Asks: 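Pasting a structure here, questions to come.
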Amino acid sequence: MRVPLSVALGATLMVSGVAVTPSVAADVGSADTAGSTGSTAMTTRVDDVVVTAKISLPPGSQVEGSIVGTLSITHNGTSAAMRSGRMTMVDPEGRDLVGAQFVASGTANAWTSTVPLSADAASGIYQVSVAAEVAITTDDGVVNVPIRTSNPVAVPFRSQRNIPMIWTSPSSAPAGSTISVSGAANMKNLGTGDYSPATAQEVKVYFDPAGDAPETLRATLTTDARGYFTTRQKAGASGKWRAEMPMTDSGARAVWTITSAERERKTRLRQGSVSATQNGFTAGDHLMTHDVVVGLAPVQRRVDVGSLGFSIGGKSGWVSADSRRGEGSFPDGFRVQKELVHSGVGTSHVTFTFNPTLPAGVYDLGIRDAMKACSAPDWVENDAASGASNCTHDVLVQDPTVAVMRVRRASTTTVSASSTSLPSSGTITLRGEVRKVVLVSGGGAQDKPAPNTAVKLYFDPAGSAGPVYKKTVTTGSNGAYSTRVVTSTSGRWIAKYTGTGLQAPSRARVGITVG
């Protein structure tokens, strides 16, 4: 008895001269993730015999030097044997690839054919064909069944792509800072298994802020000739960055994530950049900090340093802060210099301490950083350190004025009302005082009343209208002020001392209920 056998490869197959259309057609070929196997199969009933055949191919990430296809058969005969046959392919460049004869796989009713690949094998669509003859033993004897594809099947063999190295420069910064999100991507060669920079690949960069806000797409980039990508971003929060190379016909999907932190900031943000070029290589730094308000207790202020582009710094160098004016015990000004603390790829910082006896005003922030610029990395599989393997080109980055910061001594403003509850429109008295941290003769600093100081008064009515300026009063010799004001609606009186270039502003408010 002759037993027809159908094999589905995602296309119409020809078995013993009879065309059969598969009832099940699944994708054949490399899957997107390592470990999964592309396959397709079909079950056909002919008379009283049921036979299923399947050809399975590995994912592209597992291909290295050759492609092994597995032909497996289930049937209701007593046994099956491979008489002859092989798998053949046409690669994306139109070259014919001939596999070895099917051999036993070690599993019953399954055989493999190995198609060798050239060292320059390209990722992309391969046309796969199978031609074989299988001997099936039934109760009626042995039947030789030809198995062959009527048309080649288009199978995408997607190269393994990875983003083993991603970093933010810096990893932590004051709120509102502009940071760099950078990475290095590689690609595995199907023919040799070697890794090289993934050039001209699309990379999408997403940011998922901490909390309930949704993840958003921040940038769509293209890797350069070294496999690098970078984007300058204002995070707006602490959160997680995700870099993704979407799946293509030639490359598998790749995803990598990293987190960055955004620290609270209550004073004005200060940032600036500097770069230098030596021997054709460019490196640079971006400095980020914010102004200082110092009371009687010392205040520490961190200056974050992020590397620009594909350069690494912060392992040998310093940041300086140099006051533009002299004052008190420092008539010639004050300069402090701190060694950079390196805390990861492209991220460093220093921390300065300010006290009220130091000169107030503008400080110039300078840097000297012995940096390393990067050429194309020498990838070793997915070792992240390989991404910085060729960051060896010395570039000295130095500038005495990359950014500025302002140091001001603190002030305190108070306000109170003679009555905080009125039955109807009426006049009340507002009282308060202004105090300032100031230098005193003989050295040191004190928190003292501020005489002859202007205080602006605003009224902020209940609702969304916003504060309205009403008048300006001046403190007396004891730093206190008093004034009468008409209040016709509920709201808040606000007293503001606007500050100076050396003294920080301050404010206070008191609520009033009318009616």
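Being a predicted model, the structure only gives us computed values, none of them experimental. Values below: every heavy atom of this structure, side chains too, minus hydrogens, waters and symmetry copies.
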Asks: Is there a donor-acceptor contact under 3.5 Å from the side chain of T475 to the main chain of T453?
Replies: yes
Asks: Do any N or O atoms from the side chain of E202 and from the backbone of M245 form a donor-acceptor pair under 3.5 angstrom?
Replies: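 No; judged by distance alone, with no hydrogens or angles, the pair does not exist.
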Asks: Quick check for you: to the nearest 0.5 Å, what is the distance between D378 atom CG and N186 atom CG?
Replies: 12.0 Å
Asks: I'd like to know if the side chain of E433 and the backbone of A480 have a donor-acceptor N/O pair within less than 3.5 Å.
Replies: no
Asks: Compare all side-chain heavy atoms of Q233 with those of V205 and state whether any distance is below 4.5 angstrom.
Replies: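 They are not in side-chain contact.
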Asks: Look up atom CG in L502 and atom CZ in R408, then write down how far apart they are to the nearest 0.5 Å.
Replies: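 Between atom CG of L502 and atom CZ of R408 there are 9.0 Å.
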Asks: Strictly distance-based, threshold 3.5 Å: is any side-chain N or O of R218 a donor or acceptor partner for the main-chain N or O of R232?
Replies: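 Not a single qualifying donor-acceptor pair exists.
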Asks: Report the C-alpha separation of S238 and T259 in whole Å, then their side-chain angles, then the decisive distance to 0.1 Å, and conclude whether the side-chain contact (heavy atoms from CB on, under 4.5 Å) test is met.
Replies: CA-CA 8 Å; S238 297; T259 58; over 6 Å; no
Asks: Any chance the side chains of S307 and W167 put a donor and an acceptor closer than 3.5 Å?
Replies: no
Asks: So does R335 have more than 12 non-hydrogen atoms from other groups sitting under 6.0 Å from CZ?
Replies: yes
Asks: Can you confirm whether K471 is buried at NZ, in the sense that more than 12 heavy atoms of other residues, nucleotides or ligands lie under 6.0 Å from that atom?
Replies: yes
Asks: Just how far is it from atom CD1 of I512 to atom OG of S488, taken to the nearest 0.5 Å?
Replies: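 It is 12.0 Å, given to the nearest 0.5 Å.
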Asks: Give me the one residue out of R268, R270, K266, R265 that meets salt bridge (Lys or Arg N to Asp or Glu O under 4.0 Å) with D291.
Replies: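 Filter result, single survivor: R270.
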Asks: Does the side chain of R158 reach to within under 4.5 Å of the side chain of M247, using non-hydrogen atoms?
Replies: yes
Asks: Taking T351's backbone N and O only, do any of them form a donor-acceptor pair with Q300's side chain (distance below 3.5 Å, no angle check)?
Replies: no
Asks: In sequence, state the C-alpha distance, the side-chain angles, and the governing distance for K372 and D394, and then conclude on salt bridge (charged side-chain N to carboxylate O under 4.0 Å, His left out).
Replies: CA-CA 5 Å; K372 301 290 185 181; D394 293 328; 2.2 Å; yes
Asks: Any salt bridge between K240 and E215, counting N to O under 4.0 Å?
Replies: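 Not counted as a salt bridge, because no side-chain N and carboxylate O are separated by less than 4.0 Å.
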Asks: Check for a donor-acceptor pair, side chain of H342 on one end and backbone N or O of G344 on the other, with a separation under 3.5 Å.
Replies: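 It does hold such a pair.
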Asks: Flag the pair V63 / P58 as yes when at least one side-chain heavy-atom distance between them is below 4.5 Å, and no otherwise.
Replies: yes
Asks: Please determine whether a side-chain nitrogen of the Lys or Arg among D447 and R435 lies less than 4.0 Å from a carboxylate oxygen of the Asp or Glu.
Replies: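 Looking at D447 and R435, the cut-off is met.
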Asks: Show every disulfide (SG to SG under 2.5 Å) that has at least one partner inside residues 314-407, sequence neighbours left out.
Replies: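 Non-adjacent pairs meeting disulfide (SG to SG under 2.5 Å): C374-C391.
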Asks: Less than 4.5 Å apart, side chain to side chain, heavy atoms only: is that true for L396 and R368?
Replies: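 Yes, side chains in contact.
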Asks: Of all residues at least two apart in sequence or in a different chain, which pass the ring pair (Phe, Tyr, Trp, His ring centres under 6.0 Å) check with F354?
Replies: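 Result, ring pair (Phe, Tyr, Trp, His ring centres under 6.0 Å) vs F354: Y363.
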Asks: Under 3.5 Å, is there a donor-acceptor pair between the side chain of R226 and the main chain of P197?
Replies: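 Flag not set: sc R226 to bb P197 has no pair under 3.5 Å.
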Asks: CG of L457 to CZ of R509: how many Å apart, nearest 0.5 Å?
Replies: 15.0 Å
Asks: With a 4.5 Å heavy-atom cut-off, do N478 and P449 have their side chains touching?
Replies: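 SC-SC contact between N478 and P449 ruled out.
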Asks: Would you compute the distance between atom CG of L308 and atom CG of D285 and round it to the nearest 0.5 angstrom?
Replies: 6.5 Å
Asks: With sequence neighbours excluded, give me every salt bridge (charged side-chain N to carboxylate O under 4.0 Å, His left out) pair touching residues 488-500.
Replies: D460-R492
Asks: Distance-only, no hydrogens or angles: does the E262 side chain make a donor-acceptor pair with backbone N or O of G236 under 3.5 Å?
Replies: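 Yes, E262 side chain to G236 backbone: donor-acceptor pair under 3.5 Å.
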Asks: With no hydrogens and no angle check, just 3.5 Å: does a side-chain donor-acceptor pair link T357 and N355?
Replies: yes
Asks: Does the side chain of V294 come within less than 4.5 Å of V437's, by heavy atoms?
Replies: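 Not in contact.
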Asks: How long is the gap from OG on S311 to CG on D369, to the nearest 0.5 Å?
Replies: 8.5 Å
Asks: For atom NZ of K456, is the number of surrounding heavy atoms from other residues, nucleotides or ligands below 6.0 Å larger than 12?
Replies: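 No, NZ of K456 has 12 or fewer neighbouring heavy atoms, counting only those of other groups under 6.0 Å.
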Asks: Looking only at side-chain N and O atoms, does S182 offer a donor or acceptor that is under 3.5 Å from a partner on T230?
Replies: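 Side-chain D/A pair, T230 to S182: present.
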Asks: Taking the side chain as every heavy atom from C-beta outward, state whether S180 and H286 have any atom pair closer than 4.5 Å.
Replies: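 Not in contact.
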Asks: Hey, mind stepping through F334 and V336 against side-chain contact (heavy atoms from CB on, under 4.5 Å) and telling me if it holds?
Replies: CA-CA 7 Å; F334 175 79; V336 61; 3.8 Å; yes
Asks: Stepwise, does the side-chain contact (heavy atoms from CB on, under 4.5 Å) test hold for T347 with D304?
Replies: CA-CA 8 Å; T347 182; D304 292 284; 5.7 Å; no
Asks: Are any of the side-chain heavy atoms of T413 and R507 separated by less than 4.5 Å?
Replies: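 No; the side chains remain at least 4.5 Å from each other.
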Asks: Between S172 and R263, does the side chain to side chain donor-acceptor pair (under 3.5 Å) criterion hold? Intermediate values first, please.
Replies: CA-CA 7 Å; S172 175; R263 303 192 307 277; 2.7 Å; yes
Asks: May I have the step-by-step check of side-chain contact (heavy atoms from CB on, under 4.5 Å) for W241 and I179, ending in yes or no?
Replies: CA-CA 12 Å; W241 296 93; I179 66 173; 4.2 Å; yes
Asks: Would you find a donor on one side and an acceptor on the other, under 3.5 Å apart, between the side chain of D383 and the backbone of A385?
Replies: yes
Asks: Picking from E381, Q160, R161, what satisfies side-chain hydrogen bond (donor to acceptor under 3.5 Å, both in side chains) with Y195?
Replies: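 The side-chain hydrogen bond (donor to acceptor under 3.5 Å, both in side chains) with Y195 is passed solely by Q160 among E381, Q160, R161.
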